[in-house]
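The basis for the numbers below is simple: all heavy atoms, side chains too, and nothing from hydrogens, waters or symmetry mates.
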Amino acid sequence: MATETPRERTYGNWRRPRSAGLGRLGLLGTGVLMGGVIVVILAVATVGLLVAVVLLALLAVGLGSLMISDRHGKTGLQLLTVRAGWWRARSLGAHLYRSGPLGRTGWGSFQLPGLLAQSRLSEARDSYDRPFAVLEVPATGHFTVVFATEPDGASLVDQEQIDVWVARWGEWLASLGDEPGLIAAAVTVETAPDTGRRLRQEIEGRIDPNAPSLAQQVLREVVDSYPLGSATIKAWVALTFTAAARGRRRGSDEFARELATRLPGITQRLHGTGAGSARPLPAQELCEVIRSAYDPDAGRVIDDAYAAGQIPKLTWADVGPAAAEAAWGAYRHDAAVSVSWAMSQAPRGEVHASVLWKLLAPHREIARKRVSLLYRVLDPGVAARIVEADKRNADFRVNSAQRPSEHSLREQRSALATAQEEARGAGLVDFGMLVTATVQGDSPDRLAEAEAAVENLAATARISLRRMYGSQDSAFLAGLPLGLVLPRHLKVPQEIRSAL
């Protein structure tokens with residue numbers, strides 16, 4: 001009796017919505033072009049030809065900076081503004097950070113630098129009486145709740161089960177649009193050297209004192225030797241909510257009381273996605289995670305304290321670095337150096353569910369690696385307007401050209417497929433990715449090996465990574481499981497950037 005091998009599912013059709021415009025210009029850039037042409041014509045009629053030529057040259061330079069882009073899609077104007085911002089930050093000394101009692105900060109503590117310097121951390125309990133940390137960012141009015149997960153992994157798992165996990169993950173992302181006040185979600189997967197604390201606690205807590213001495217000796221040798229050269233994988237899910245509700249702004253206490261009844265349902269739905277056992281992260285554990293990210297040596301001290309039966313008490317004012325320095329292409333914090341990349345292009349074509357497996361797995365050349373998938377949740381009504389506008393813009397680019405390019409035709413088909421899927425009830429989210437590699441010490445060779453390893457892993461994941469030049473400190477902070485929404489911290493809104 002013949003058996004049919006099940007076909008492995010593929011995924012794709014990721015696209016970046018574009019506003020209507022002429023050529024590579026968006027709606028705002030096209031408006032600048034039309035207005036500039038009118039100004040040049042008026043200058044010819046009123047001022048003279050020489051002035052009109054000068055204005056035309058300035059217009060050409062300005063529009064050229066919007067139309068010419070590098071392989072990551074960054075225009076000349078964006079690259080110029082990044083350089084100008086970096087020069088300003090260095091001239092003001094904003095790339096240096098010194099904290100603590102002998103630091104340059106006024107509060108004398110080890111507060112987080114940069115975008116989360118004014119953040120506050122509190123703790124509450126949900127309806128299951130589980131403690132959970134609430135991170136408040138006053139600058140944007142956001143609250144973040146972090147969940148610790150234990151992913152099941154895909155080893156020795158049937159393909160049918162993997163397909164079910166992926167489908168439920170998509171359903172979970174789509175359901176986030178119905179959560180009141182939820183604006184963003186982030187999934188962070190970190191690989192780091194294993195100190196053996198969990199294995200030691202598990203074995204020493206289960207050793208029978210009446211067991212043969214040889215068996216006890218073998219188990220203790222396993223505890224001492226197994227962690228050498230091994231790695232541990234940790235995963236967190238961060239949900240970010242807005243403080244504004246029904247026309248007024250809530251405080252952290254009111255928000256925590258409202259969220260306490262919703263957390264059990266969120267964790268229960270998350271369990272079916274393959275995330276394993278999901279639980280809210282208490283304030284103490286969140287402080288340990290952030291402290292270990294800035295200073296890996298502190299992570300080993302924390303593990304040793306737990307192995308000795310002690311709890312190292314940490315507050316939110318203790319988790320930041322004692323010293324940090326942001327360079328053009330790297331970020332030095334305490335005794336470690338990190339480099340961060342951002343995804344500039346999603347995988348083209350169709351991919352399998354295991355496309356990110358090598359990027360997320362431990363790597364021998366990268367001692368500590370952190371991959372963060374960032375999602376911006378869209379309301380169903382907003383999602384419908386976006387896909388319809390994207391479809392109209394794609395049709396406009398095709399119909400306005402006498403001989404449309406194959407790229408424009410492909411975009412039209414992709415926009416139509418997205419609109420059809422959204423009409424059938426599929427959710428819509430904006431997503432991105434941040435990758436951070438951390439090495440300890442001042443060895444340039446180790447840092448170069450880590451950089452080369454990440455760039456090679458990006459090729460296996462079929463994505464394009466762009467090094468975050470000029471903003472390494474902010475990218476490092478956004479890659480932590482803290483739910484930081486970077487577009488809300490930009491001086492130029494994202495809507496204006498897209499319209500250019």
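Side-chain atoms of E123 come within 3.5 Å of backbone N or O of A283 as a donor-acceptor pair. One N or O on the side chain of S344 and one on the backbone of S464 form a donor-acceptor pair closer than 3.5 Å. Under a 3.5 Å cut-off, the side chain of D126 and the backbone N or O of T261 do not form any donor-acceptor pair. The closest donor-acceptor contact from the side chain of D473 to the backbone of H95 lies at 3.5 Å or more, if one exists at all. For the pair S277 (side chain) and E150 (backbone), a donor-acceptor distance under 3.5 Å is absent. Listed for the R370 side chain is no donor-acceptor partner under 3.5 Å among the backbone atoms of T188. Counting only distance, with no hydrogens or angles, the side chain of K369 and the backbone of A361 share a donor-acceptor pair below 3.5 Å. S340 places no side-chain N or O within 3.5 Å of a backbone atom of M468 that could act as its donor or acceptor partner.
Scanning all heavy atoms of the two residues, the minimum distance from R130 to A278 falls at NH1-O, 4.0 Å. Shortest non-hydrogen contact noted between G276 and H271 is O-ND1, 2.8 Å. In terms of heavy atoms, G299 sits closest to S292 at CA-OG, 3.2 Å. Across every non-hydrogen atom of S119 and Q111, the tightest pair is O-NE2, 3.4 Å. Closest approach of F132 to P280, counting heavy atoms only: CB-CB, 3.3 Å. T273 and W165 get closest at one heavy-atom pair: O-CB, 3.6 Å.
Rounding to the nearest 0.5 Å places CD of Q159 at 9.0 Å from NE2 of H352. Distance check, rounded to the nearest 0.5 Å: CH2 of W14 to OG of S414 gives 11.0 Å. Atom-to-atom distance recorded for Q284:CD and I302:CD1 is 7.5 Å, nearest 0.5 angstrom. Rounding to the nearest 0.5 Å places CD of E455 at 7.5 Å from CZ of R467. With rounding to the nearest 0.5 angstrom, the OG1 atom of T438 is 8.0 Å from the CD atom of E190. Residue T140 holds its OG1 atom at 12.0 Å from CD of Q118, rounded to the nearest 0.5 Å.
Between I183 and H142 the shortest side-chain heavy-atom distance falls below 4.5 Å. When side chains are defined from C-beta on, W169 does not count as touching V164, because their heavy atoms never get closer than 4.5 Å. Put simply, the side chain of R257 reaches to within 4.5 Å of the side chain of E254, judged on heavy atoms. Using a 4.5 Å heavy-atom threshold, the side chains of W357 and T460 count as separate. Between T144 and L482, the closest side-chain pair of non-hydrogen atoms is not below 4.5 Å.
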If you look only at distance, which donor and acceptor atoms sit under 3.5 Å apart when one is on a side chain in residues 171-182 and the other is two or more places apart or in another chain?
residue, atom, partner, partner atom, Å
S175, OG, E171, O, 3.4
S175, OG, W172, O, 2.6
E179, OE1, R262, NE, 3.4
E179, OE1, R262, NH2, 3.0
E179, OE2, R269, NH2, 2.9

Is there a side chain to side chain contact (heavy atoms under 4.5 Å, CB included) between L486 and L115? Walk through the geometry before answering.
CA-CA 9 Å; L486 286 179; L115 301 178; 3.9 Å; yes

Intermediate values then yes/no, side chain to side chain contact (heavy atoms under 4.5 Å, CB included), E288 and L314:
CA-CA 7 Å; E288 294 173 2; L314 287 175; 4.0 Å; yes

Side chain to side chain contact (heavy atoms under 4.5 Å, CB included) for V137 and R488? Distances and angles first, verdict last. CA-CA 11 Å; V137 183; R488 300 299 177 91; over 6 Å; no

Show your working on side chain to side chain contact (heavy atoms under 4.5 Å, CB included) between L356 and V189 and close with a plain yes or no. CA-CA 11 Å; L356 297 179; V189 180; over 6 Å; no

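Donor-acceptor pairing under 3.5 Å is recorded for the side chains of S338 and H333.
Classification of the Y294-Y331 ring pair by plane angle, with boundaries at 30° and 60°, yields perpendicular. Between W328 and Y469, the ring planes lie parallel to each other; the angle is under 30°, not in the 30° to 60° tilted range.
Atom OH of Y128 is surrounded by 12 or fewer heavy atoms from other residues, nucleotides or ligands within 6.0 Å. Summarising the local packing, CZ of R125 is surrounded by more than 12 heavy atoms from other residues, nucleotides or ligands at distances under 6.0 Å.
Under 4.0 Å is where a charged nitrogen must lie from a carboxylate oxygen, and between E136 and R120 at least one such pair does. For R291 and D295, the salt-bridge test passes: some basic side-chain N is under 4.0 Å from an acidic carboxylate O.
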